[in-house]
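First the structure, in the form of structure tokens, and then the observations on it.
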2 protein chains.
Amino acid sequence: MADPSSTTDTLARQKPGKREQTKANNRRAIIEAGRYVFAELGYGETTVRDIIRKTGLASGTFYNYFKSKEEVFQAIMDENALRVRPRLRSERIRAKNFEEWVRGMFFVFFDYVVNDQSNFRIIRRNTGALRVRMDTPEIIAGFDELQADLEKAVAEGIAPKVDIDYLSAAMIGIAFEMSDRLVLREDPSVEEATDFATTLLLNGLSALTEKDDA
Amino acid sequence: MADPSSTTDTLARQKPGKREQTKANNRRAIIEAGRYVFAELGYGETTVRDIIRKTGLASGTFYNYFKSKEEVFQAIMDENALRVRPRLRSERIRAKNFEEWVRGMFFVFFDYVVNDQSNFRIIRRNTGALRVRMDTPEIIAGFDELQADLEKAVAEGIAPKVDIDYLSAAMIGIAFEMSDRLVLREDPSVEEATDFATTLLLNGLSALTEKDDA
DNA sequence: CCCGTTCGGGACCCTGCGTCAACTTGTCCT
DNA sequence: AGGACAAGTTGACGCAGGGTCCCGAACGGG
């Protein structure tokens with residue numbers, strides 16, 4: 001269908017097409033407006049109208065791109081996940097042993113949270129004490145990767161044989177809840193947090209093994 | 001009417017008064033309707049109208065009791081916390097040592113979650129992958145109690161001297177995230193989960209001490 | 001029994017939601 | 001180039017929910 005008869009092969013991508021262009025622009029504009037407004041008002045208080053107003057587009061146009069504010073939020077979270085996952089992946093490769101792997105996972109996560117707080121503020125900035133968290137496809141994929149890694153580590157005997165489901169839950173729970181406290185500190189130290197989480201998990205884990213043998 | 005108006009002092013509470021009565025009833029009705037509707041539609045999709053409709057009261061009446069659906073949600077969460085905290089407290093007293101204390105905390109929490117899933121389903125049952133969590137005054141008070149206990153334990157030398165803030169965050173994170181997985185299991189074992197969490201935390205913790213010494 | 005107070009009822013206005021028909025703009029074909 | 005068609009934007013519209021407010025009813029004290 002989108003066949004550019006000439007220059008089909010390598011240069012095809014160079015023909016943006018004005019239509020495609022504005023489409024991409026509009027989508028970006030809406031997402032950026034979403035980031036801004038969510039951070040400003042919190043998820044609950046934000047309306048589709050608030051978002052679209054900030055872009056200057058018409059209300060109807062919004063629905064050409066997203067079904068609801070929830071979808072915008074999801075897109076934002078997905079983008080976040082897409083930024084973190086490559087880092088996690090490279091850390092995963094770099095790791096020479098299990099400890100390095102665990103440390104790497106925590107480090108990347110905490111580092112990201114601290115250095116890109118704007119995205120995480122969204123979750124906090126909510127009237128009252130309401131917190132929202134969304135497990136988007138990308139985020140879930142990230143969790144799955146984590147769990148798969150753990151399974152592989154266990155299969156290879158690198159990590160002790162324990163309940164992988166609970167273990168990954170523990171890792172994720174520790175990471176999220178600690179990052180919450182981390183960003184509240186006046187001088188947040190990623191290293192300190194990473195150290196804490198890594199030591200806790202690693203040694204707790206080795207104890208779980210012994211228990212398993214018994 | 002031999003109204004015991006005289007017995008004002010000690011027996012005063014025996015005078016319900018029809019006014020007070022319906023007031024209490026209405027409040028209860030709204031909260032119960034809230035429980036039902038939140039569980040049915042999820043927090044996001046629920047409207048004040050949905051709640052009040054289920055009670056048969058008029059829309060205006062709602063606002064005599066709560067300012068918003070958020071306040072109803074908060075009331076529900078507070079009630080939940082009020083159910084768990086006494087159990088946590090008695091477990092706290094029963095505990096003969098630090099291990100028992102940790103185990104007790106996790107056990108009570110997991111046990112509550114499993115046996116009162118209806119309340120926790122509210123958090124999950126949300127369109128898309130949106131999760132809500134509300135830290136109400138009662139819940140925060142519970143967290144504070146936990147943290148205070150940890151501080152005391154550290155001060156008494158029962159528990160190692162570590163970053164209490166992170167430690168309580170880790171406990172809470174583990175508890176919440178694991179409970180999420182726990183309820184999804186076909187045959188959820190509270191003991192198993194408690195064992196896992198307790199062993200993980202306790203031994204991870206002792207490792208943190210050694211690190212501290214070094 | 002009567003009056004003051006307190007509260008429930010529901011109409012009312014406002015704002016946001018999602019849709020749709022009319023218009024505008026890019027694209028393709030001759 | 002120019003016209004015709006497709007794609008996309010616009011904002012008005014109908015509808016539903018949020019929060020308010022005044023009226024009337026029920027309660028409670030004298």
Side-chain angles (χ1 to χ4, degrees), chain A residues 1-8 12-31 33-34 37-38 40-73 127-128 130, chain B residues 1-8 11-31 33-34 37-38 40-74 127-128 130:
Chain A
M1 83 177 205
D3 182 23
S5 26
S6 58
T7 68
T8 3
R13 64 195 53 179
Q14 291 229 358
K15 190 206 67 177
K18 201 160 184 185
R19 217 107 204 193
E20 300 290 325
Q21 196 65 27
T22 47
K23 225 167 140 180
N25 286 344
N26 285 348
R27 194 186 151 83
R28 260 265 67 73
I30 292 173
I31 288 179
V37 179
F38 281 137
E40 203 70 11
L41 306 177
Y43 180 81
E45 307 307 307
T46 299
T47 71
V48 169
R49 246 65 177 187
D50 290 329
I51 297 173
I52 205 66
R53 228 175 268 134
K54 187 117 333 203
T55 68
L57 295 169
S59 63
T61 305
F62 177 91
Y63 296 95
N64 284 342
Y65 295 87
F66 299 95
K67 282 209 297 286
S68 61
K69 70 169 174 175
E70 188 174 324
E71 274 201 3
V72 178
F73 191 69
T127 43
L130 201 62
Chain B
M1 291 290 189
D3 181 25
S5 49
S6 51
T7 62
T8 8
L11 293 175
R13 61 195 57 180
Q14 293 231 356
K15 187 204 69 175
K18 201 160 186 185
R19 218 104 203 198
E20 301 292 324
Q21 197 65 27
T22 48
K23 224 168 143 180
N25 286 344
N26 285 348
R27 194 187 150 82
R28 260 262 71 70
I30 291 173
I31 287 179
V37 179
F38 281 137
E40 202 70 13
L41 306 177
Y43 180 80
E45 307 307 307
T46 299
T47 71
V48 169
R49 248 63 175 193
D50 290 329
I51 297 172
I52 205 66
R53 227 176 268 132
K54 187 116 333 196
T55 67
L57 295 168
S59 65
T61 305
F62 177 90
Y63 295 94
N64 285 342
Y65 294 88
F66 299 95
K67 279 209 299 286
S68 62
K69 71 169 173 175
E70 190 175 322
E71 273 200 5
V72 178
F73 191 68
Q74 186 168 349
T127 43
L130 202 62

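Per chain, numbering begins at 1; letters A, B, ... match sequence-line order.
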Side-chain N or O of [X] versus OP1/OP2 of [N]: is the shortest distance under 4.0 Å?
X: K23(A); N: dG8(D); value: yes
X: Y63(A); N: dC20(C); value: no
X: N64(A); N: dG8(D); value: no
X: S59(A); N: dG11(D); value: no

Polar side chain donor-acceptor pair, D50(A) to T47(A), under 3.5 angstrom: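 Indeed, the side chains of D50(A) and T47(A) share at least one donor-acceptor pair under 3.5 Å.
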
Starting at atom [atom1] of [X], determine the distance to atom [atom2] of [N], rounded to an integer number of angstrom.
X: N25(B); N: dC27(D); atom1: CG; atom2: P; result: 13 Å
X: F62(A); N: dG18(C); atom1: CZ; atom2: P; result: 8 Å
X: K67(B); N: dG17(D); atom1: NZ; atom2: P; result: 23 Å
X: R53(A); N: dT15(C); atom1: CZ; atom2: P; result: 10 Å
X: K69(A); N: dG18(C); atom1: NZ; atom2: C1'; result: 15 Å
X: F66(B); N: dG19(D); atom1: CZ; atom2: P; result: 14 Å
X: Y65(A); N: dC17(C); atom1: OH; atom2: P; result: 19 Å
X: E45(B); N: dG16(C); atom1: CD; atom2: P; result: 18 Å

5′-ward residue of the pair T22(B)/S68(A) relative to DNA chain C: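 Its nucleotide being nearer the 5' end, the pick is T22(B).
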
Check: K54(A) side chain, V37(A) main-chain N or O, donor-acceptor pair, under 3.5 Å: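 Flag not set: sc K54(A) to bb V37(A) has no pair under 3.5 Å.
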
Under 3.5 Å donor-acceptor, E45(A) side chain and L41(A) backbone: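 Not a single qualifying donor-acceptor pair exists.
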
Per [X] side chain, nearest of listed nucleotides [options]:
X: A58(A); options: dT10(D), dG8(C), dC12(C); value: dT10(D)
X: V48(A); options: dG9(C), dC17(C), dT20(D); value: dC17(C)
X: K18(A); options: dT20(D), dG26(C), dG17(D); value: dG26(C)

Gap separating the CD1 atom of I31(B) from the CD1 atom of I51(B), nearest 0.5 angstrom: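 Going from CD1 on I31(B) over to CD1 on I51(B), the span is 10.5 Å.
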
Quiz item: R19(A) side-chain donor-acceptor pair to dT27(C) base, under 3.5 Å: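 Flag unset: no donor-acceptor pair detected.
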
Sugar-phosphate, base or nothing in reach of T47(B), heavy atoms under 4.0 Å: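 The answer is sugar-phosphate, as T47(B) gets under 4.0 Å only of primed atoms, P, OP1 or OP2.
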
Sugar-phosphate, base or nothing in reach of D50(A), heavy atoms under 4.0 Å: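 No contact.
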
Given DNA chain D, 5'-ward residue of the pair G56(A) and R49(A), judged by closest heavy atom: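 With G56(A) and R49(A) compared, the 5'-side residue is G56(A).
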
Geometric class of the F38(A)/Y43(A) ring pair [parallel <30°, tilted 30-60°, perpendicular >60°]: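 Rings of Y43(A) and F38(A): parallel, under 30°.
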
